[in-house]
Every structure is written in C-alpha cells, then in structure tokens.
Amino acid sequence: QCVNIPLHCWHMHVAAPKSSNLSLTVPNLTTLLHLQYLDLESGSRIGKAGYDLTFAIAYLRDFAMTYHFLAESFETFVPWSRLEPLVKATKERIRQEHKSRSLPGLPFVSCRVTQLYDEGACVYFYFCMNFENVSKPSLVFAEIEAAAREEIIANGGSLSHHHGVGKLRAPFMDG
C-alpha cells in the first residue's frame, strides 16, 4: 500500500493523535516512521494533480528550451534509513558536477517524495540547468544525470522506481 503526499514548498503538516500539528521538513521525513496514525491529504484529487503536472511538464520543457534551459526528472526507491543521506548527497553531487563544468548560473535541484511504503519511499529528483553557450548541452546534461544516478546507487537507492531500466539506465546494469 502506498500514499501520494503533496509536498508543497518544503514543509509537510502531519496531524498525529495526542499531539499538535507537527511540521516536518523534507530532510526529517524519516520521522514519519515513528508516527502510527497519519492524517495526510490524499485521494483522487491529489493523484489527478500529480498526473496533470506530469502532463504539463512536456510543454514546460519545450518552452524552457527556447530560453536555454534543460530539465528532467528521475526517480528512485530508497529505504527509510537512507532517505536523508541519499537526498543530501545526490543534490550536492549535481551541484558539484555543474560547478566542475563551469556551466552558467546555478543548477535548480529539487526533489519530492511521491509514494510511501513500509520499507521506504519513492523520491523524484528534478534537475534544471542553463545551457546558453554550452557545447553539446544534451551530452553535458546526460553526464550530470548519470553522476546523480551513481550517487543514488552509492547511497542505497535503486536505479529506478516504477519507470523501469530502459535504454537510458541500461549502462548501469553492465556491473
């Protein structure tokens, strides 16, 4: 059984029995393990909002490319005990890879937890970079994304969650 959780901004409000509303930041999401009864916003409305966002992303991507921005999302499954270190390490790796290539501006790096399970969570990462005057931007982007996947695997995450391996992730299977 899984639950879709909308994480608007960086805080999630959880109501637990015998306590006031708790405000959990994303890096402290593992605290959820200690709560037995959660009152989370869920249901078909939340699922549809996530679907609509996914549908809109393709159009946003085309629009962003006219302004020299590349963006993509990628997902993983991670055990609860590894969630916080994986998120921190992956975001930092993307920033380091971006900086080491002297790319313009700063990268946009974000993530959200989309499904919860007894064993862990599905985490979606979002990465956006400016590619103005960058030689072979698709290759550069792919190299940074591959470095992020390496970091995810090194920190206990899976190669994918529900999108499977496919051609893009197949080289990671050559182990």
Side-chain angles (χ1 to χ4, degrees), residues 4-12 23-30 49-115 120-175:
N4 283 314
I5 298 178
L7 292 179
H8 308 292
C9 302
W10 292 103
H11 293 85
M12 178 173 65
S23 179
L24 302 175
T25 60
V26 172
N28 294 322
L29 192 56
T30 54
Y51 176 81
D52 290 345
L53 176 61
T54 301
F55 182 73
I57 286 172
Y59 297 102
L60 293 173
R61 183 178 8 220
D62 290 348
F63 174 76
M65 287 184 72
T66 64
Y67 293 94
H68 307 287
F69 284 95
L70 280 175
E72 189 56 82
S73 65
F74 46 96
E75 92 291 349
T76 186
F77 174 83
V78 61
W80 288 111
S81 63
R82 301 297 309 149
L83 178 65
E84 187 173 347
L86 179 140
V87 166
K88 286 181 178 180
T90 304
K91 286 181 172 185
E92 183 57 30
R93 178 75 181 268
I94 291 170
R95 290 182 187 109
Q96 288 173 355
E97 294 288 333
H98 186 276
K99 185 176 182 178
S100 73
R101 289 169 174 77
S102 300
L103 296 171
L106 296 172
F108 172 81
V109 185
S110 182
C111 70
R112 68 184 178 121
V113 172
T114 59
Q115 286 102 10
C122 173
V123 180
Y124 264 82
F125 285 91
Y126 301 91
F127 165 49
C128 177
M129 67 173 234
N130 182 316
F131 67 88
E132 190 168 16
N133 300 317
V134 173
S135 178
K136 300 182 182 177
S138 293
L139 177 63
V140 171
F141 189 94
E143 290 171 350
I144 296 173
E145 184 178 346
R149 289 187 191 283
E150 289 172 0
E151 198 66 36
I152 287 169
I153 292 167
N155 279 277
S158 64
L159 187 53
S160 181
H161 175 252
H162 58 280
H163 288 287
V165 175
K167 293 177 183 177
L168 183 64
R169 298 175 199 93
F172 289 95
M173 300 294 291
D174 294 338

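Hydrogens, waters and symmetry mates are skipped; everything else that's a heavy atom, side chains included, is used.
In this structure, CD in Glu150 is found 8.0 Å from CD in Glu97, a value given to the nearest 0.5 Å. Atom-to-atom distance recorded for Phe69:CZ and Glu132:CD is 8.5 Å, nearest 0.5 angstrom. Separating the CG atom in Leu70 from the CZ atom in Phe131 is a distance of 5.0 Å, to the nearest 0.5 Å. A distance of 7.5 Å separates NE2 in His68 from CG in Asn133, rounded to the nearest 0.5 Å. Put simply, OG1 on Thr114 and CD on Glu75 are 8.0 Å apart, with the number rounded to the nearest 0.5 Å. In this structure, the separation between OG1 on Thr90 and CD1 on Ile153 is 10.0 Å, given to the nearest 0.5 Å.
Side-chain contact between Ile94 and Ile144 is present, with heavy atoms from C-beta onward closer than 4.5 Å. Counting heavy atoms from C-beta outward, His98 and Val109 have side chains that stay 4.5 Å or more apart. Residues Val123 and Arg112 are not in side-chain contact: their nearest non-hydrogen atoms beyond the backbone lie 4.5 Å or more apart.
Formation of a donor-acceptor pair under 3.5 Å by the Ser73 side chain with backbone atoms of Tyr126 is not found in this model.
Val87 and Cys111 get closest at one heavy-atom pair: CG1-SG, 3.7 Å. The two residues Phe141 and Ala71 have their closest heavy-atom pair at CZ-C, 3.9 Å. Val134 and Pro104 make their closest contact through CG2-CD, 3.7 Å (heavy atoms, listed as atom of the first residue, atom of the second, distance). The two residues Ala121 and Val113 have their closest heavy-atom pair at CB-CG1, 3.8 Å.
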Inset, instruction - Kindly determine whether Lys88 and Glu92 satisfy salt bridge (Lys or Arg N to Asp or Glu O under 4.0 Å), including the steps that lead there. - result: CA-CA 6 Å; Lys88 286 181 178 180; Glu92 183 57 30; over 6 Å; no

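Taking the six-membered ring where tryptophan is involved, the planes of Phe125 and Phe74 are essentially parallel, since the angle between them stays under 30° and well short of 60°. By the 30° and 60° cut-offs, the orientation of the rings of Tyr67 relative to Phe63 is tilted.
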